[in-house]
Protein chains: 2
Amino acid sequence: MTLNKPTPDCCVDFAFQRIGGKYKGRIMYSIHTHGVSRYGQLKKLIAGITPKMLTQTLRELENDKLIHRKVYTEVPPKVEYTLTESGQKLIPFIEYLKEWVEELVSSNPDHELYKHHELYGR
Amino acid sequence: MTLNKPTPDCCVDFAFQRIGGKYKGRIMYSIHTHGVSRYGQLKKLIAGITPKMLTQTLRELENDKLIHRKVYTEVPPKVEYTLTESGQKLIPFIEYLKEWVEELVSSNPDHELYKHHELYGR
DNA sequence: CTGGATCCCTTGCGATACTG
DNA sequence: CAGTATCGCAAGGGATCCAG
């Protein structure tokens, strides 16, 4: 018996479980644009995230092998996060999303997105 | 004052609110591959969805102008769903996800994804 | 500095029954 | 055929405090 390809339905479900959460996309994109990142650095970059959610989301991404976690056993503690190869392959996809939103907004300057400009540094 | 672009953070959040739910991707992809679709047709295509979730998700997609809903005032009732132009622009993005998952799985035949084959018609 | 533990609330989603 | 209505659970996420 040979393996069939998973169905599109199946793939979409699967992928969204990996990148669906509230912060997963933002964290991965942040690591991408800023390169190797440390915990405290990400906490500043991801506006509004709590330590709990940051830790939890980083662990999930690590379990799914989208990021890699490197611990330096020294005092004070130091941990570095990088994108794995698999994680890097999701970046163009996030870029695409970004362009889609930009286009949507530029064609409508009154867009609700701008209601949140104080949060996002317009 | 001129409008700046929304930040990447902002865009990722925004996009995921639009396409993040459990069924949004699957519904849009289904309308894409099968063309103009009716309610009952989608209910068969989207395995496991309840009428409540189907209706709710369709309404959200409609509000976000990703799909269009056309009602025929006749007996028996008939409603047709199509992708809007904005909605169609998200399809390549779903395709990309699909390829990402296929690649992930093909390099690992024991992948957990296959645990669900009875659901997805392997 | 990089988290873990706990409490609590909201939202998403499922199950079931009913309707113009 | 194309939905609505109601109930209820479970997961996601926020706030706060604690720790090696």
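Since we're looking at a predicted model, the values are computed, not measured. By convention in this document, chain letters (A, B, ...) are assigned in the order of the sequence lines, proteins followed by strands, and residues within each chain are numbered from 1.
In this structure, the side chain of Ser107(B) engages the main chain of Leu104(B) through a donor-acceptor pair within 3.5 Å. A donor-acceptor pair under 3.5 Å links the side-chain atoms of Tyr39(B) to the main chain of Pro51(B), judged by distance alone.
Note on Tyr39(A): every side-chain N or O is 4.0 Å or more away from OP1 and OP2 of dG4(C). Not one side-chain nitrogen or oxygen of Lys43(A) sits closer than 4.0 Å to the OP1 or OP2 atom of dC1(C).
Which of dG4(C), dG14(C), dG20(C) sits closest to the side chain of Arg59(A) comes down to dG4(C). Among dG3(C), dA2(D), dG14(D), the nucleotide with an atom closest to any side-chain atom of Arg69(A) is dG3(C). Distances from the side chain of Lys22(B) to the nucleotides dC1(C), dG3(D), dC13(C) place dC13(C) closest.
The CD atom of Gln56(A) sits 11 Å away from the C1' atom of dG14(D) (whole-angstrom rounding). One atom, CZ of Arg38(B), and another, C1' of dG3(D), lie 13 Å apart when rounded to the nearest Å. Protein atom OH of Tyr72(A) is 12 Å distant from nucleotide atom P of dT2(C), rounded to whole Å. Between the P atom of dG12(D) and the CZ atom of Arg18(A) lies a distance of 13 Å, rounded to the nearest Å. Between Glu80(B) atom CD and dC1(D) atom C1' there is a gap of 13 Å when expressed in whole angstrom units. The CD atom of Gln41(B) sits 13 Å away from the P atom of dG3(D) (whole-angstrom rounding). Summarising the geometry, the separation between CE on Met53(A) and P on dC9(C) is reported as 18 Å, rounded to the nearest angstrom. Taking atom NZ of residue Lys24(A) and atom C1' of nucleotide dA11(D), one finds them 13 Å apart after rounding to whole Å.
Heavy-atom contacts from other residues, nucleotides or ligands closer than 6.0 Å to CD of Glu85(B) number 12 or fewer.
Between the base of dG14(C) and the side chain of Lys52(B) there is a donor-acceptor pair shorter than 3.5 Å.
Of the inter-residue distances, the one linking Leu61(B) atom CG with Ser86(B) atom OG reads 11.0 Å to the nearest 0.5 angstrom.
The aromatic ring centres of Tyr96(A) and Tyr96(B) sit 6.0 Å or more apart.
Heavy-atom distances to DNA chain D give each of Gly48(A) and Pro51(A) a nearest nucleotide, and the one nearer the 5′ end belongs to Gly48(A).
Among the heavy atoms of the strands lying under 4.0 Å from Tyr23(B) are primed sugar atoms or P, OP1, OP2 only; no base atom is included.
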